[in-house]
Every structure is written in structure tokens, then in C-alpha cells.
2 protein chains.
Amino acid sequence: VRALNRKSPCKGNAAEKIEAVVLCLLNGRKQTLALAESCTGGAIANRVTNVPGASKIFLGGIVAYSNEAKEKILGVRGEILKRHGAVSEAVARAMAEAARKKFGVDFAIAVTGIAGPSGGTKSKPVGTVFIALTGKFGTTVERKLNSTGREAFKQLTTRQALEMLRLRLICS
Amino acid sequence: VRALNRKSPCKGNAAEKIEAVVLCLLNGRKQTLALAESCTGGAIANRVTNVPGASKIFLGGIVAYSNEAKEKILGVRGEILKRHGAVSEAVARAMAEAARKKFGVDFAIAVTGIAGPSGGTKSKPVGTVFIALTGKFGTTVERKLNSTGREAFKQLTTRQALEMLRLRLICS
């Protein structure tokens with residue numbers, strides 16, 4: 001993966017890893033990033049920290065795998081978890097906003113979903129995931145159905161989350 | 001990666017992924033795990049959460065990439081960071097013990113080091129990493145020099161960290 005201290009623009013092409021493109025864009029804007037991951041379990045942080053120089057931009061993340069961690073460590077209100085369930089738009093939003101505040105960053109991404117193989121329901125089958133992006137602009141949440149199996153689910157969700165941020169950065 | 005709900009013992013062999021062996025051992029003892037990662041940047045959490053059923057055992061982790069995150073989110077005392085530097089035995093120990101307390105788990109692993117390519121010093125060259133394991137037994141810290149390049153550094157450190165826990169579990 002290419003380091004951040006180059007001079008060419010952060011174009012991104014088929015050969016360029018999305019984590020490098022996103023960090024390059026953030027670096028150019030002197031903006032920072034934090035993460036709150038549930039179902040991806042650190043996969044996004046892992047990808048982001050593969051980029052040399054990531055520590056200038058990526059301040060950290062919380063892998064809130066249990067509901068207790070979402071509440072106690074991240075600071076999502078228990079009421080939201082109870083009312084909407086951990087895999088919900090409301091919780092994804094709350095996780096992202098809590099992470100942004102806690103780390104004091106410009107952008108935070110949060111994901112909550114069902115990686116499988118178990119844990120699915122009729123209304124939220126295995127592969128369901130909510131991805132939230134928050135920043136000064138506000139907060140957006142996307143719902144996806146990544147029915148790909150556990151490890152591919154994590155990688156696909158990681159790519160979708162970073163793509164949400166990339167689009168926000170190039171369109172604003 | 002094999003799921004946790006099988007009946008055979010958690011032997012571990014060349015074909016078995018270490019994250020599956022460790023989670024299988026913890027599952028048999030009904031014990032829980034949390035992580036505090038600096039230089040591995042979520043790589044350990046990512047590996048652990050590849051195992052189906054991991055959520056029963058792995059409650060969560062904190063990727064404390066910045067010193068501020070180590071202090072504010074994880075709860076490492078600023079004095080320890082200042083006196084010893086972020087890459088030190090003392091900070092690895094403090095990170096592990098803070099994570100164990102914060103998540104209320106049986107075992108916590110923490111890593112702090114220099115993934116590179118920059119950031120090395122004469123006494124702590126690129127590749128230096130301190131891995132701490134804490135539990136009811138106390139806390140142990142190992143120092144390694146993984147001069148392998150950034151991505152391989154993360155994978156090698158992940159393996160060493162999980163191996164420390166595996167040995168603790170089979171020898172106690």
C-alpha cells in the first residue's frame with residue numbers, strides 16, 4: 001500500500017486500494033477519522049492502518065462487539081439499543097456520533113450488522129448491515145444486504161463503508 | 001474458519017488457525033477476551049472475529065492509535081505515557097489492564113509498537129513491539145522485534161499475541 005507523503009493527487013483507480021485513497025483525501029484536507037465497529041470486528045481499522053502514515057489521520061476505533069461494549073465503552077444509550085435492537089439504523093447512527101465525539105475527529109464511521117452464520121431473523125436476515133457516516137455535514141446511514149459468508153461479509157462491508165466516506169470527500 | 005460449536009477438543013495443528021484454537025479454548029472454559037491495540041490497528045480483532053461464534057467470547061476492543069486515545073478512551077494514565085513513551089513495557093501493561101477492567105473480561109491482550117516504515121529510534125527500531133497479556137494470573141509482557149514491513153508486522157504480531165494467550169490457556 002502506498003504511503004501518504006507523495007505529491008500526486010488522490011485519484012483512485014482500479015489498482016489503488018480504497019483505504020489509501022480515503023486516507024490520501026483526508027490527509028489533503030487535514031481531517032481525521034475514527035471508527036466504531038460491531039460486525040466488522042476491526043476489519044475496517046485493520047485495512048485503514050495498513051496505509052503507512054495512517055496514524056496522522058486515523059486516531060482510533062472501538063470494536064464494540066457486545067451490547068455492553070456499545071453502551072459502556074462507546075456510550076450508546078441503552079434505551080436506543082433496547083428500542084431498536086443492536087442491528088438498526090438508530091444504533092448505527094448513535095455509534096458513529098458517539099465515536100466522533102469521543103475521539104474528537106472530523107469523520108466517524110460505524111457499522112452494525114449480522115455477519116452470520118447465525119443471528120439472522122426474518123426482517124433482518126444474515127448479511128444485513130447498517131453503515132453510518134457522520135461529520136460536520138450531518139449523519140447518513142445506509143442499509144445493505146451482504147449475503148456473502150462471514151469473512152467476505154466483513155471485507156465487502158469494509159469496502160462499502162470506505163466508499164461512503166470517499167464519495168462524501170470527493171463530492172463536498 | 002471452523003465454528004465454535006463442535007465437540008472435538010481444541011488441539012490445534014498446522015492446519016488450524018490460531019484464532020480458532022484460542023477461542024475454542026476460551027469457550028471451553030467459559031472465559032472472555034478483550035483487546036487494546038495500537039500498532040496492530042485492529043488486525044487482532046479482525047482475526048478473532050473471523051471465527052463464527054466469536055461474539056460469545058470476544059466482547060470488544062479498543063484501537064488506541066493515538067496517545068490521546070490511549071489516555072482518554074482506554075484510560076492509560078498520561079504520566080505513564082510521558083515517562084515511558086507509548087512504545088514501552090509499562091504502556092503495554094497499562095493498556096492490557098485498562099482493557100480488562102473496562103470490558104470486564106477474563107483476559108485482555110494489548111500491543112504497542114512501531115509498524116514502520118517511519119517512527120523508529122536507535123533504542124526502539126522499526127519492528128519493536130511490546131505484547132501484554134493480563135488475567136487473574138497477573139500480567140506478562142513480551143518484547144519482540146518484527147522487522148518484516150508494515151503489513152507482515154501486523155500479521156506476525158497478531159500471531160505472537162494469540163500464541164501468548166494459547167500457551168497461557170494450555171499451561172494453566
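Just so we're on the same page: letters track the sequence lines, and every chain starts at 1. Computed from a prediction, not measured in an experiment: that's the story for all the values here.
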J.: Return the minimal non-hydrogen interatomic distance between B:A45 and A:G42, and the atom names on each side.
T.: CB-CA, 4.2 Å
J.: Group every Ile, Leu, Val, Met, Phe, Trp and Tyr by side-chain heavy-atom contacts under 4.5 Å, then state whether A:V91 and A:V87 land in the same group.
T.: no
J.: Would you say A:I131 and A:L145 are hydrophobically clustered, going by side-chain heavy atoms of ILVMFWY under 4.5 Å?
T.: no
J.: Under 4.5 Å heavy-atom distance to chain B, tell me which part of A:S55 shows up: side chain, backbone, both or neither.
T.: both
J.: Chain B heavy atoms under 4.5 Å from A:I73: which part of the residue, side chain, backbone, both or neither?
T.: side chain
J.: I need the minimum non-hydrogen distance between B:V51 and A:R150, along with the two atoms involved.
T.: O-NH2, 3.3 Å
J.: Counting only non-hydrogen atoms closer than 4.5 Å, does B:A34 touch chain A with its backbone (N, CA, C, O), its side chain (CB onward), both, or neither?
T.: neither
J.: For A:K124, look at atom NZ and say whether over 12 heavy atoms of other residues, nucleotides or ligands are found less than 6.0 Å away.
T.: yes
J.: Any idea which of B:G60, B:S38, B:G119, B:G116 has the most non-hydrogen atom pairs under 4.5 angstrom with chain A?
T.: B:G60
J.: Going by residue number, which parts of residues 100-111 of chain A are within reach of chain B, meaning a heavy-atom gap below 4.5 Å?
T.: A:K102, A:F103
J.: Would you say B:L35 and B:L169 are hydrophobically clustered, going by side-chain heavy atoms of ILVMFWY under 4.5 Å?
T.: yes
J.: Mind checking the CD-CG spacing from B:Q155 to A:N50? Nearest 0.5 Å is all I need.
T.: 8.0 Å
J.: Would you give the length of the straight line joining atom CZ of B:R47 to atom CG of A:N46, rounded to the nearest 0.5 angstrom?
T.: 9.5 Å
J.: Tell me whether B:L23 is reachable from B:V21 by hopping between hydrophobic residues (I, L, V, M, F, W, Y) whose side-chain heavy atoms are closer than 4.5 Å.
T.: yes
J.: Checking heavy atoms, do the side chain of B:T40, its backbone, both or neither come under 4.5 Å from chain A?
T.: backbone
J.: Out of curiosity, does B:M164 fall in the hydrophobic cluster containing B:L156 (side-chain heavy atoms, cut-off under 4.5 Å, transitive links)?
T.: no
J.: Using a heavy-atom cutoff of under 4.5 Å, enumerate the residues of residues 61-70 of chain A that contact chain B, numbered in order, or state 'none'.
T.: A:G61, A:I62, A:V63, A:A64, A:Y65, A:S66, A:A69
